[in-house]
Visitor: 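Here it is, the structure, as structure tokens.
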Amino acid sequence: MRCFWIFTSVVFLLAVASASELKIKVIDPQSVAVPGARVELSLKDGALAAAGTTSPEGVVVFANPASGAYQVRVLAAGFRVETASLPSSPSETITLQLHLAPAAETIVVTATRTPLPGEDSGAKVETLSAAQLEAMNPVSANDALRFLPGAVVNTNGQRGGLSSLFVGGGESRYNKVIVDGVSINEPGGTFDFGTLPLTEADRLEFMKGAQSTLYGTDAMSSVVQVWTRTGSTPVPELRFGADGGNFSTANGYASLSGAHGIFDYNLFAEQFNTSGQGINNDYSDSLQGGNVGVKVNEEVSLRLHLRHSNSRTGVSDEWNFNGGQIIAPDQFEFARLNNLLGSLELTVNAPSGWQHHLTGFEYSYRTRNADLQPTAGRISPLFGNINFLFDSIAHINRAGFEYQGDYSERSWAHTTVGYRFEEENGVTGSVTALSPGQRQDHDVYAQQILHLGRLSFVGGARLVHNTVFGDYGVPRVALTLLALRGGDTFSGTRLRFSYGKGFKEPRLEEMFAGPPFSIPNLNLKPEKSRSFETGIQQNLLANRYVLTATYFNNLFTDRIDYGTDPTTFIGQYENVNKSFAQGAEIGIQGRIWSRVSLSSAYTYTSTQVLEAPFCTPANFCDPRLQPGQPLFRRPRHAANTLLSYLGTKWGANAGASFVGWRTDSDFDGFGVNHSPGYVRVDLGGWYSFTSRVTATLNIENATNKFYEEVTGYPALGVNFRAGMRFRIGGE
């Protein structure tokens, strides 16, 4: 906690007096205040006079504005860009109402670390709003991500089972995961999406492609970012509710939020329990968190985020292959996860055109995976008894601080610069043979955004110094060209191209693993990627719909593998493997009616192992991992559809995920070499009896199909949850 507390001691620095002021309030289509929107004042020549961010009440105040006529531009995530002309000397608060955007014009943040219309960002970003998440009511992040274009989710069985994300042919460790501005991957990219609750999430963004220029290590295939809801009502608002369903499922949550004077707050908690379907498939998770803000003055604010999660999962291990029970499920294996996130962010909107963010953060990650009792009947043809008893832990800490500065030179130019320091340390391995490791990262990065008529340009670079593996640099450039403006039917044609490099640092276990069976390798280098995309975007019917087609080409080098001496059985991790992926994605997004939205896409992915020198019979390597073979668990064919209705009286969603045949293995000699394709359909919705009492219903795997996302681990059959939500206070 050292870095975190040092940071908290230096944040109260500034006080600003004002003799006159311009006040602007930003509201959504339902006249609700919009916090966190970026508001820019520009002169006629495009020069930026001032910029600020709306408070939890949706208000931004500009002190001592010069007299004259201004153009105001508002960028708020999930809405379209709003522009207006202001009178020369406004005498009262100016209220601007935002509008829901066509899919292509929706403001996103993850693509450039600053609000920007998705069509100008040069990246593919999929979003889920708070309203969509409320209708989906996902237990964890994997239940939401699987319905987004380009996402392939693989979960080891049922609730709480290890859940991985594969994007663009990349590994499951090539995804950067950020919650409230804090990276929550295990160092080296490992992350379990099945144990990330989305309670009180205000928005989720999923960006595809190499993004290490802005986000550093692990951002080789995608970035997943989640923000917590900010309290905004002058009267405190208490929300609480519960739901339950089959498989002894029970869930309860509560939150208290509001905004009063200079303070805003949102405190929340949730408890989820289920016994699962079958033997040793129970799962429980408890979550507590808080999002508290302090407005020091009109230009300076502080925000504190805290989030703690504690889960336990029964692990039946692989036992049922495509409907056939070949061996007995493990009755005693379990996994525990306990993590704590904390961050404190200082934001300064000054001087004119500048916005500064200084964040101190810490993430504590504790896992235990153990099987302490034998289970009879777990015998494989290749290894005999495979019920090995073990007790493994990982105690890892990530702490540091980051500065990000944003400067808008003109309405058509924006610069981002930053510096990040992080220390990673921890111990991993068996409780009887732990391997400690420690390293530090120093990152500097810069990005330039330009809008030059029909052309949008995004370019940047990141330089990294790691105290163990040395220096590394990654560039990225993206171009978007409005080739045709079009009319009512064909409402604009855009061409898009991007090129970038990514990297993923070694896991602590890979670099520092020690005796009795491993040799540390401090010479390990990061895994690297080279990625480029090109595509076309066609807007239709006055921008109500957008049709996209994208080709991607990814090369992954210096991939880490484990080589073993066949005589001593002592091994070491080394950078030896190489793989390749290319493919295409075709999608359509839009609003069928004002309250009905559609997102649907088909993705074709071709992958191939290029080099794998350690994949030999002596290393017990499966032949399907050898050069020339497709990569495991990456289907050639996948498709996703999400249909949402978001009204005032009721809301509903229908999601469908199709995943085709893919290479897999039981790894134990049973002869299983693939997982069949499947279709999963989820339904959800809510109905408000009054503005304060709401009923909910969610049905997952509604068609009750038997399927396995990972061979040997059957997924849940049809499962439902029904419940009630209540609201006291607020507006």
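Residue numbers start at 1 and run along the sequence shown.
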Visitor: Taking atom types as modelled, find out whether Glu700 and Asn698 have a side-chain donor-acceptor pair closer than 3.5 angstrom.
Guide: no
Visitor: Just checking, is any N or O donor in the side chain of Gln71 or Ser42 under 3.5 Å from an acceptor N or O on the other one?
Guide: no
Visitor: Assess, by modelled atom type and distance only, whether the side chains of Ser343 and His305 contain a donor and an acceptor separated by less than 3.5 Å.
Guide: no
Visitor: Between Asn539 and Ser491, do the side chains contain a donor N or O and an acceptor N or O under 3.5 Å apart?
Guide: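 Absent: no donor and acceptor within the cut-off.
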Visitor: Under a 3.5 Å cutoff, is there a donor and acceptor pairing between the side chains of His308 and Asn338?
Guide: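 Asn338 and His308 do have a side-chain donor-acceptor pair below 3.5 Å.
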Visitor: Parallel under 30°, tilted from 30 to 60°, perpendicular over 60°: which one fits the rings of Tyr283 and Phe272?
Guide: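 If you compare the ring of Tyr283 with that of Phe272, the planes turn out tilted.
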Visitor: Tell me, please, which residues at least two apart from Phe191 pass ring pair (Phe, Tyr, Trp, His ring centres under 6.0 Å).
Guide: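 Counting only residues at least two positions away or on another chain, Phe191 forms a ring pair (Phe, Tyr, Trp, His ring centres under 6.0 Å) with Phe193.
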Visitor: Using only heavy-atom distances, determine whether the side chains of Asn142 and Ser140 contain a donor-acceptor pair under 3.5 Å.
Guide: yes
Visitor: Enumerate the side chain to side chain donor-acceptor pair (under 3.5 Å) contacts for residues 681-691, please, sequence neighbours excluded, ordered by first and then second residue.
Guide: Arg680-Asp682, Ser688-Thr694
Visitor: For Asn291 and Thr228, test the side chains for any donor-to-acceptor distance below 3.5 angstrom and give the result as yes or no.
Guide: no
Visitor: Please walk me through it: do Tyr645 and Trp593 pass ring pair (Phe, Tyr, Trp, His ring centres under 6.0 Å)?
Guide: CA-CA 9 Å; Tyr645 171 80; Trp593 295 287; 9.0 Å; no
Visitor: So, the side chain of Thr274 versus the backbone of Phe247: is there a donor-acceptor pair under 3.5 Å, distance only?
Guide: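 Side chain of Thr274 to backbone of Phe247: a pair is present.
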Visitor: Compute whether any side-chain donor of one residue and acceptor of the other, for Asn719 and Arg159, lie under 3.5 angstrom apart.
Guide: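 Side-chain D/A pair, Asn719 to Arg159: present.
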Visitor: Using distance alone, with no hydrogens and no angle criterion, decide if Asn640 and Arg146 have a side-chain donor and acceptor under 3.5 Å apart.
Guide: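 Not at all, the side chains of Asn640 and Arg146 share no donor-acceptor pair under 3.5 Å.
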